[in-house]
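Beneath this line is the structure, given in structure tokens, with notes to follow.
Computed from a prediction, not measured in an experiment: that's the story for all the values here.
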Amino acid sequence: MNVKATLSPEDIARACADAMWAEDDASKGLGMEIVEIGPGFATLAMLVRPDMVNGQRIAHGGFIFTLADSAFAFACNSHNERVVAAQGQITFIRPGKLGDRLIAMAREITRGGRSGIYDVRVTVGDTVIAEFRGHSRVIPGTWLPAQNQ
């Protein structure tokens, strides 16, 4: 039986996210959660805790960047290729605040060869607080064993 024929792209994306999440101590340690995952997209959430605010008493930009970067990582690793960031850039639009639930929605813009481009929008409710663009690079390996692809 060909197991590959039984797995949809959505099943592959979920299995890759589960495998990646099991090893992602950084995202788990910051209290992130995977809200949605699919081929070429991911949505992650994170609550702004007291240890995540800066001297201005707003969410430290590094934590917002990290949430966006994690959503980017789950989106670009959803095709059962091992993928890392080659570059990431963020524009902060509005501040996040203590107690805010930040939502990072990543989507694939283009993917070809070993490279990809992904956009991530970070929101609080309906308010956009940051826009992130990441460039990805495929490295050797896969998330799933050959029989599960």
Side-chain angles (χ1 to χ4, degrees), residues 7-111 114-146 148-149:
L7 291 180
S8 70
E10 291 76 17
D11 292 336
I12 291 170
R14 171 46 60 191
C16 291
D18 290 346
M20 192 169 149
W21 186 257
E23 301 297 324
D24 189 346
D25 295 333
S27 296
K28 288 187 284 192
L30 290 173
M32 292 181 199
E33 62 179 284
I34 298 173
V35 175
E36 186 177 14
I37 190 80
F41 72 89
T43 302
L44 272 65
M46 180 180 76
L47 187 66
V48 179
R49 304 181 314 216
D51 61 337
M52 295 175 173
V53 296
N54 62 21
Q56 302 287 349
R57 305 311 299 160
I58 58 176
H60 190 291
F63 290 108
I64 297 169
F65 184 98
T66 302
L67 174 64
D69 184 50
S70 288
F72 161 53
F74 279 92
C76 62
N77 279 277
S78 64
H79 302 288
N80 197 29
E81 295 177 306
R82 294 257 179 173
V83 183
V84 296
Q87 175 182 322
Q89 177 182 341
I90 195 164
T91 300
F92 299 108
I93 300 166
R94 290 191 168 75
K97 299 179 183 94
L98 178 63
D100 281 349
R101 185 169 191 257
L102 307 180
I103 304 290
M105 295 170 284
R107 65 185 177 94
E108 189 173 275
I109 301 303
T110 187
R111 179 172 149 272
R114 294 183 53 213
S115 300
I117 299 174
Y118 293 76
D119 282 346
V120 184
R121 175 167 283 169
V122 181
T123 61
V124 175
D126 293 332
T127 303
V128 177
I129 67 164
E131 295 280 355
F132 172 102
R133 173 158 276 191
H135 295 247
S136 66
R137 190 74 170 163
V138 174
I139 61 173
T142 61
W143 287 104
L144 306 177
N148 288 337
Q149 295 181 38

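In plain terms, the two heavy atoms of L144 and A15 that are nearest each other are CD2-CB, 3.6 Å. L67 approaches M46 most closely through the heavy-atom pair CD1-CB, 4.0 Å. Of all non-hydrogen atoms in I90 and A68, the two that sit nearest each other are CD1-CB, 4.5 Å. Shown here for I139 and V83, the closest heavy-atom pair between the two residues is CG1-N, 4.4 Å. Between A42 and A75, the shortest heavy-atom contact is CB-N, 3.7 Å. For the residue pair P50 and L98, the shortest heavy atom distance occurs at N-CD1, 3.3 Å.
Within the 4.5 Å cutoff, the side chain of I12 has no heavy atoms near those of the P39 side chain. When side chains are defined from C-beta on, V35 does not count as touching M105, because their heavy atoms never get closer than 4.5 Å.
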Give every donor-acceptor pair under 3.5 Å between a side-chain atom in residues 120-130 and any protein atom, sequence neighbours left out.
unit_1: R121; atom_1: NE; unit_2: E131; atom_2: OE2; d: 2.5
unit_1: R121; atom_1: NH2; unit_2: E131; atom_2: OE2; d: 2.7

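Among pairs with a residue in residues 66-79, none fulfils salt bridge (Lys or Arg N to Asp or Glu O under 4.0 Å), at least two apart in sequence or across chains. Pairs of residues two or more places apart, or lying in two chains, that qualify as side-chain hydrogen bond (donor to acceptor under 3.5 Å, both in side chains) and include a residue from residues 40-54 are R49-D51. Residue pairs meeting the side-chain hydrogen bond (donor to acceptor under 3.5 Å, both in side chains) criterion with at least one member in residues 30-40, sequence neighbours excluded, are E33-R101.
Rounding to the nearest 0.5 angstrom, the gap separating the CD1 atom in I58 from the CG atom in D100 is 11.0 Å. Between atom CG of residue N77 and atom OG1 of residue T142 there is a gap of 11.0 Å, rounded to the nearest 0.5 Å.
For R133, the salt bridge (charged side-chain N to carboxylate O under 4.0 Å, His left out) test picks out D119, with sequence neighbours left out. When the side chain to side chain donor-acceptor pair (under 3.5 Å) test is applied to S78, no partner is found at least two apart in sequence or on another chain. Not counting sequence neighbours, the partners of A59 by the side-chain contact (heavy atoms from CB on, under 4.5 Å) test are V48, I64. For R82, there are no salt bridge (charged side-chain N to carboxylate O under 4.0 Å, His left out) partners two or more places apart in sequence or in a different chain. Every ring pair (Phe, Tyr, Trp, His ring centres under 6.0 Å) that F72 has, sequence neighbours left out, goes to Y118, F132. For R137, the side chain to side chain donor-acceptor pair (under 3.5 Å) partners at least two apart in sequence or on another chain are S115. Residues passing the salt bridge (charged side-chain N to carboxylate O under 4.0 Å, His left out) test with E81, sequence neighbours excluded: R111. A17 is linked by a side-chain contact (heavy atoms from CB on, under 4.5 Å) to R14, I34, I37, F74, counting only residues two or more places apart in sequence or in another chain.
R107 contributes no side-chain N or O that, together with a main-chain N or O of F41, makes up a donor-acceptor pair within less than 3.5 Å. The backbone N or O of G116 lies less than 3.5 Å from a partner atom in the side chain of S136, making a donor-acceptor pair. D11 places a side-chain N or O within 3.5 Å of a backbone atom of S8 that can act as its donor or acceptor partner. Side chain of K97 to backbone of V53: no donor-acceptor contact under 3.5 angstrom is found.
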